Structures are given as structure tokens and as C-alpha cells.
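Reminder, nothing fancy here: chain letters follow the sequence lines and each chain counts from 1. Model, not experiment: these values are computed from the prediction.
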Amino acid sequence: MSLTAVIDFETTGLSPTQGDRATEVAIVLLEGDQVVDRFQSLMNAGVRIPAFIEAYTGITNAMVASAPPAEAVMADAARFVGDAPMVAHNAAFDRRFWAAELERADRPATQPFACTLLLSRRLYPQAPSHKLGSLAAFHALPSSGRAHRALADAEVAAALLSQIRHDLRRQYGVGECRHDLLVQVQGSARKAVPKVIARYLEGG
DNA sequence: TGCCAGGCCCTCTTTAGGGCCTT
């Protein structure tokens with residue numbers, strides 16, 4: 001059974017190219033749909049967290065002041081993930097911070113990413129919203145702590161990933177739902193999803 | 001101090017505009 005690393009960052013803003021930095025990272029390691037390990041740490045990037053971000057995440061400047069340096073945390077996170085393919089909700093966001101923070105730590109970011117937001121848009125067009133919290137309510141996923149903290153959100157994203165895999169198995173007869181299938185589905189038009197999966201099952 | 005950027009998706013589209021999603 002293959003491993004998947006579900007990651008969530010809390011940050012000072014939306015864009016690492018605009019100077020925003022990570023303040024917390026959490027990674028849930030799945031073996032199949034089973035959580036087998038967790039990684040979570042605040043990190044001190046040496047930048048000030050805006051007040052509205054403190055209110056949004058609950059992560060304060062005082063909290064990160066006593067946290068380990070970002071480079072050390074990212075080195076540990078990279079070792080924790082290893083070669084496992086990664087998943088995040090709105091992965092474009094987390095992938096940018098994963099790459100930017102690892103570059104600062106002088107480490108490569110080679111893991112492929114799949115995205116539960118893109119997958120949910122394909123598979124659950126009837127959902128009222130594709131925000132992580134809304135999808136959790138839509139699927140009645142268990143809540144695990146304060147939203148907008150890294151580990152709680154990573155746990156919810158992992159549960160959402162398991163729901164997605166479950167539905168792919170149930171609706172399309174997919175056996176082991178591999179990461180490359182997720183990438184193919186999220187990259188196809190919604191109406192093309194059944195055809196993409198059928199081609200995948202034929203070994204194409 | 002504050003809702004920044006980037007990418008996806010839909011439609012009153014494609015020579016574009018705007019909403020959604022992440023912090």
C-alpha cells in the first residue's frame with residue numbers, strides 16, 4: 001500500500017513571491033486510507049504576522065517567536081515526507097510555500113501534488129461550496145480541532161481525500177486509487193472524468 | 001495596514017471578466 005503525505009501550511013499571507021512566509025506546517029501521512037503518522041510544527045521565519053492573520057489562524061507573533069527556525073522545521077518536514085506524493089486542499093497554494101520554504105532551507109521540492117479542491121470540483125459539483133470546511137460538512141467528515149490551524153486542516157483534508165478515493169472506488173470500480181489517477185482526474189474537464197478513469201482502468 | 005497572487009472555472013466566452021479558493 002502506497003504512502004501519501006497530506007500537507008497544510010499556515011502563513012503570513014497568500015504569496016511567497018510577495019514576502020509572505022510560513023508560520024506553521026502539518027503533514028498527515030496516509031497508508032491507503034489509514035493515518036499512520038503525523039508531523040506538526042510552528043516555525044519562526046523572522047517576519048511579523050499581520051494582526052488580521054493572527055485573528056484568522058490564532059497563531060500569534062509571540063507563538064512563533066519561541067518556535068524553531070523555519071529552515072530547521074522544513075528540513076524535518078522534508079525528511080518526514082521523503083518521496084511520498086503529496087496532497088493539499090488548493091494545492092497550488094501549499095505547493096508554492098512548500099517549494100519556497102524548502103528553497104530557503106536549501107532542499108529540493110520534487111514531490112508531485114494532487115489537489116482535493118480540484119478533485120472536489122470534478123466529483124462533487126453539487127456541493128454548495130468547495131471550501132475545506134464546507135466540504136467537510138457536506139460529507140459529514142469528523143472535525144479535528146480548530147479550523148485554520150495546520151494539523152486540524154491537514155486532518156480534514158486527509159479525510160476528504162479518503163472520501164474522494166472511496167467515491168472513485170464505489171462509482172467507477174477503481175481498485176487501488178493511486179496518486180497518478182488523482183492527478184489525471186483533477187486535470188481533466190468535469191464531463192471527461194468517466195472517460196479518463198475508464199482509460200486509466202484499461203491501463204492506458 | 002491589509003484581503004495582496006496565482007490558478008482554475010464558468011459564461012452574458014474564446015480579441016474577457018469575474019468568482020472561487022488558499023493565508
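Taking the six-membered ring where tryptophan is involved, the planes of A:Phe9 and A:Trp98 are tilted, since the angle between them lies from 30° to 60°.
Straight-line distance between the C1' atoms of B:dT13 and B:dC8: roughly 15 Å, to the nearest whole Å. Between the C1' atoms of B:dG2 and B:dA16, the separation comes to 28 Å (whole Å). Using atom C1' as the reference point in both B:dG7 and B:dC12, the two lie 23 Å apart (nearest Å). Between B:dG19 and B:dC4, the two P atoms lie 12 Å apart (nearest whole Å). Atom P of B:dT1 sits at a distance of 28 Å from the matching atom of B:dC20, rounded to the whole Å. Between B:dG6 and B:dT23, the distance separating the two C1' atoms is 13 Å to the nearest Å.
The shortest heavy-atom contact between A:Ser41 and A:Val73 is OG-CG2, 3.6 Å.
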Please list, pair by pair, any protein nitrogen or oxygen found under 3.5 Å from a nitrogen or oxygen in nucleotides 19-23 of chain B.
unit_1, atom_1, unit_2, atom_2, d
B:dC20, O2, A:Arg121, NH2, 3.4
B:dC21, OP1, A:His130, N, 2.6
B:dC21, OP2, A:Ser129, OG, 3.2
B:dC21, O2, A:Asn90, ND2, 2.9
B:dT22, OP1, A:Leu132, N, 2.8
B:dT22, O4', A:Asn90, ND2, 2.8
B:dT23, OP1, A:Asp153, OD2, 3.4
B:dT23, OP2, A:Tyr56, OH, 3.2
B:dT23, O3', A:Glu10, OE1, 2.7
B:dT23, O3', A:Thr11, N, 3.0

Go through the steps for A:Tyr56 and A:Phe52 under the test ring-ring contact (aromatic ring centres under 6.0 Å, His included), then give the verdict.
-> CA-CA 6 Å; A:Tyr56 182 75; A:Phe52 76 96; 8.2 Å; no

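A salt bridge between A:Arg169 and A:Asp33 is present, with a side-chain N of the basic residue lying under 4.0 Å from a carboxylate O of the acidic one.
Distances shown here put every side-chain N or O of A:Arg48 at or beyond 4.0 Å from the OP1 or OP2 atom of B:dT1.
Partner A:Glu155 forms a salt bridge (charged side-chain N to carboxylate O under 4.0 Å, His left out) with one of A:Arg149, A:Arg38, A:Arg146 and no other, that one being A:Arg38.
The structure places CG of A:Asp167 at 10.0 Å from SG of A:Cys177, a figure rounded to the nearest 0.5 Å.
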